[in-house]
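Ligands are counted one by one from 1 in listed order, and the atoms in each one are counted from 1 as well.
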Amino acid sequence: MNTTELETLIRSILTEQLQSHDDQPALACGCTSDGVALFDTVDAAVKAAHAAFKRFQEAPLKTRSSIVAAIRAGLADCLPELSEAAALETGMGNAADKILKNRAALENTPGIEDLVTTALTGDEGMVLFEYSPYGVIGSVAPSTNPTETIINNSISMLAAGNAIYFSPHPGAKQVSLNLIARMEAIVFKACGIHNLIVTVREPSFEATQQMMAHPNIALLAITGGPGIVSMALKSGKKTIGAGAGNPPCLVDETAEIVKAARDIIAGASLDYNLPCIAEKSVIVVECVADQLIQQMREYGALQITDPQQMAALREVCIQKGAANKQLVGKSPAVILEAAGLPVPAKVPKLIILETAADDPLVVTEQLMPVLPIVRVDNFEQGLALALKVEDGLHHTAIMHSQNVSRLNKAAHLMQTSIFVKNGPSFAGIGVGAEGFTTFTIATPTGEGTTSARTFGRLRRCVLTNGFSIR
Ligand code: NAD
């Protein structure tokens, strides 16, 4: 039995076990009853969330803080279980890395402190600018970060005073429903209001479409591929769109090559390259390319050099100009096997190969631990290629260099929502670096790394005559 067959067998046994638990998703934590959290229809769910929002509007800010604290405490112990369930159900990524991602979402998503009030005062009086809630937010979550997105968005959106209808990915249904029911129960316990987080028992594309058209949905937050983001943008509702990326990683001759290699391996192999922010290609200046590749091999990459093997790999990874969905988020071993290539005894963290600049592996967002490397003559050529590869998605780019003016030039011209200098891509979402964590990076609509304030409506409150003590 080969690795793929073994993985399929284990997955089917475990999925059966998981489903037998998940027939009653919320009962595992003793937390749902009829008309709470999980509904039969989109309409019933959205209306329940809308009623919950009306009550939530009357609660003080400290209630929101208590909710955020309760979520952090209440989910802390179940991250390994959630991560395993997500990896198992979706068949993508790995539990160990998902624990890290879920922990970042749980611990490092800001709460109400993110809603910074600003004021103007003068002889004529005072003006306050404050973030107030929108109402019920329709939040679509991807299969690549199903639980991370639900945790992250719940904290941000509830901190901003909203209720949430989640459209989980049908491919991550069981784990998402379980998490939503569990979080609803935690939130209810913290504030006494039911249905601040809801969804339907059978998430489907149709349900997502109904949600987008529902009059009680005030705002859409869409985290997913280009299809679903453009569908939401056509809905007529205000949309925060967090779409696809294809992050290039540029390495110039001044970079600390050993560190660059280590960071690239860490970033590009995380959760088998599922994160939208992960390095999807390396563009390296010729004179340091050999050294970088050598170091990447030392840090656990397997380099494919045989032209036939490279072609076989390309053929299985990219089909009809798009990533082969069967291999998205699979391990290097499964991908090597699918391409008919030998799997080394010590399974590599990442598969690397040198390619041309226009190789399908470079220009397609593949979400697999297969990293193409392109040589360029110099920094200028590398930057031009990085711009082409990122393709105006405004998502993420990474650069390794010790030349400050080049770093600044690239950061300025790339116009990505996240630009990481001399670190792994995940530094851009606050893992091992400064900054808060988010799994909803609003790219086409421009909000960038989202947090509570992104989900607040900015309003002005004016008081005339006085209240200036200057
Ligand atoms: P996907 O687009 O297949 O699915 C996302 C969600 O949209 C799912 O809930 C799915 O059910 C729904 N959906 C998709 N097509 C639909 C349709 N026609 N009608 C109704 N609902 C529909 O994405 P995925 O494969 O789960 O996630 C991967 C993609 O998401 C990648 O492109 C990745 O870059 C992107 N992503 C972006 C961010 C970000 O913050 N910018 C974060 C994570 C993932």
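Only side-chain heavy atoms of T208 come within less than 4.0 Å of ligand 1; its backbone N, CA, C and O stay farther off. In T438, neither the side chain nor the backbone holds a heavy atom less than 4.0 Å from any atom of ligand 1. For A141, every heavy-atom contact with ligand 1 shorter than 4.0 Å involves the backbone, none the side chain.
At least one side-chain heavy atom of L75 sits under 4.5 Å from a side-chain heavy atom of I186.
Look at H395 and you'll find a heavy atom under 4.0 Å from some atom of ligand 1. The closest approach between a heavy atom of S167 and any atom of ligand 1 is below 4.0 Å.
Taking any N or O of I441, backbone or side chain, at least one lies under 3.5 Å from an N or O belonging to ligand 1. The N/O atoms of T223, backbone and side chain alike, include none that comes under 3.5 Å of an N/O atom in ligand 1. The N/O atoms of I228, backbone and side chain alike, include none that comes under 3.5 Å of an N/O atom in ligand 1. Geometrically, ligand 1 and E365 share a nitrogen or oxygen pair separated by less than 3.5 Å.
Residue N145 has at least one heavy-atom neighbour below 4.0 Å for each of these atoms of ligand 1: 43 (C).
Of the possible polar contacts, one joining the S417 side chain to the H394 backbone as a donor-acceptor pair under 3.5 Å is found.
Between the CE atom in M231 and the OG1 atom in T208 there is a gap of 6.5 Å [rounded to 0.5 Å].
A side chain to side chain contact (heavy atoms under 4.5 Å, CB included) with V140 holds for exactly one of I228, N153, T223; it is I228.
When I429, I222, T144, I240 are ranked by how near their heavy atoms come to atom 44 (C) of ligand 1, first place goes to T144.
The protein non-hydrogen atom at the shortest distance from atom 37 (C) of ligand 1 is G243 O, 3.2 Å.
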